[in-house]
Amino acid sequence: MNTDKPAPRIRTMYAQKSEKNHVVKLGPDIKAKIGMQLRLMYGEVVDQGVPERFVEMLRRLDDPNCEGR
Amino acid sequence: MGLRKNVREAMLEAVPSLRAFAISLCGNVDRADDLVQEALLRAWANMGSFQPGTNMSAWLFTILRNLFRSEYRKRRREVEDVDGSYAESLTSLPEQTSRLEIVEFRNALKLLPSEQRESLILVGASGFSYEEAAQICGCAVGTIKSRVNRARSRLAEILSIDSASDFGPDRETRAVANSDIVRGDRS
């Protein structure tokens, strides 16, 4: 039985694409868009800087009077 | 003494990026911060295993990832917090639309298999090379490349990005519909 080309269940162009294969060849603009979203999402956290608890923790690490924690 | 100081400074510098990575792994800020703290303590205790001259940031990411992996196995049944505590923890962002887009994007990322997600983030957001990402994940460079490619295609499907300008108001609705299709296809 040939199951290579199942009848499209959905008519939108997006769905047709997903029927074919998961590794679709993406244009550079789509890659750029995803890259931008990724960096926005990531940058949202990075921009918060170093929370005080880590500054404090690292300072204590370096204190010879309390090795370890 | 000098090494300890350098390591401490490198750790401090890596914290923001480690947090961003940790949040993308576990989807919960409090857990992510605990994970980062644990990773830093472990790195500090195992400073001897760091090879000077190699990328310290990649080393810290490797430790954090390994910790997450071993902890995740223990807590597998826990439901991850996708948009609950994390979304609430972010109070202000200049544009409401971009805020919404980020939340939507984060949710779309959650639909990816974890290996694809982490590979994409390491390469696309943390700024690591494919080689460094492979080292962090303990796999071949080719594996990272194919995971990143698959992650991008699936994201494009889930978010229905068909061109850079395709960010219409009903994108969310389509994203929901398409994510069901995508998951169905993978069965």
Side-chain angles (χ1 to χ4, degrees), chain A, chain B residues 4-5 8-9 11-13 15-17 19-24 29 32-33 36-37 40-41 44-45 90 93 98-99 101-106 108-109 120-121 124-126 146 149-167 174 177-178 181-182 184-186:
Chain A
M1 205 197 316
N2 182 6
T3 52
D4 273 353
K5 294 223 168 184
R9 283 169 289 174
I10 311 280
R11 289 188 311 278
T12 71
M13 61 204 287
Y14 313 109
Q16 280 172 8
K17 193 163 66 180
S18 74
E19 299 260 352
K20 266 189 276 168
N21 198 318
H22 290 284
V23 187
V24 187
K25 186 81 185 155
L26 297 176
D29 57 336
I30 297 173
K31 281 189 189 171
K33 182 76 204 177
I34 289 173
M36 196 199 73
Q37 292 272 331
L38 266 177
R39 288 188 297 274
L40 259 180
M41 179 196 82
Y42 204 80
E44 194 179 48
V45 180
V46 170
D47 289 347
Q48 294 171 359
V50 183
E52 190 53 34
R53 77 183 260 191
F54 295 107
V55 177
E56 195 52 41
M57 189 204 99
L58 289 168
R59 188 184 298 139
R60 269 182 284 139
L61 282 182
D62 227 18
D63 184 347
N65 295 322
C66 58
E67 283 295 324
R69 276 174 192 248
Chain B
R4 291 168 72 85
K5 192 164 180 287
R8 202 183 65 99
E9 274 165 16
M11 282 179 169
L12 199 61
E13 207 174 299
V15 165
S17 193
R19 290 183 74 231
F21 181 56
I23 289 171
S24 75
V29 184
D33 280 348
V36 171
Q37 175 153 346
L40 293 175
L41 287 170
W44 187 258
L90 294 160
L93 206 86
S98 64
R99 179 84 277 274
E101 274 190 15
I102 293 174
V103 170
E104 208 179 302
F105 188 78
R106 213 175 259 285
L109 265 183
L120 181 67
I121 287 179
S126 310
S146 95
N149 283 337
R150 270 180 287 156
R152 282 193 184 123
S153 341
R154 282 208 65 206
L155 275 180
E157 287 176 344
I158 295 166
L159 294 168
S160 300
I161 304 173
D162 232 51
S163 75
S165 59
D166 184 26
F167 269 71
R174 291 203 309 263
N178 280 349
I181 294 160
V182 172
D185 273 357
R186 284 184 71 85

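No experiment lies behind these values; they were computed from the predicted model shown. Atoms considered below: every heavy atom in the structure, side chains included; atoms not considered: hydrogens, waters and symmetry mates. Chain letters run A, B, ... following the sequence lines, proteins first and then strands; every chain starts at 1.
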Which heavy atom of A/Val55 sits nearest to which heavy atom of B/Leu12, and what is that distance? CA-CD1, 4.3 Å

Euclidean distance, A/Arg39 CZ relative to B/Ser126 OG, rounded to 0.5 Å: 11.5 Å

A/Met57 CE to B/Arg8 CZ distance, which is reported to the nearest 0.5 Å: 10.0 Å

Of the non-hydrogen atoms in B/Gly124 and A/Leu38, which two are nearest, and what is the gap between them? CA-CD1, 3.9 Å

Can you name the residues that form a side-chain hydrogen bond (donor to acceptor under 3.5 Å, both in side chains) with A/Glu52, not counting sequence neighbours? none

Please examine the side chains of B/Pro16 and A/Val50, heavy atoms only from C-beta on, and report whether any two atoms are closer than 4.5 Å. yes

Contact between A/Ile30 and B/Arg152 at the side-chain level, heavy atoms closer than 4.5 Å - yes or no? no

Spacing of CD belonging to A/Gln48 relative to CD1 belonging to B/Ile23, to within rounding of 0.5 Å: 6.5 Å

Pick one of side chain, backbone, both or neither for B/Leu109, based on which atoms fall under 4.5 Å of a heavy atom in chain A. side chain

Are more than 12 heavy atoms from other residues, nucleotides or ligands located less than 6.0 Å from atom CD of B/Glu9? yes

A/Phe54 to B/Gln37 - nearest heavy-atom pair and separation: CE2-N, 3.7 Å

Heavy-atom pair of closest approach, residues B/Phe105 and A/Ile34: CZ-O, 3.9 Å

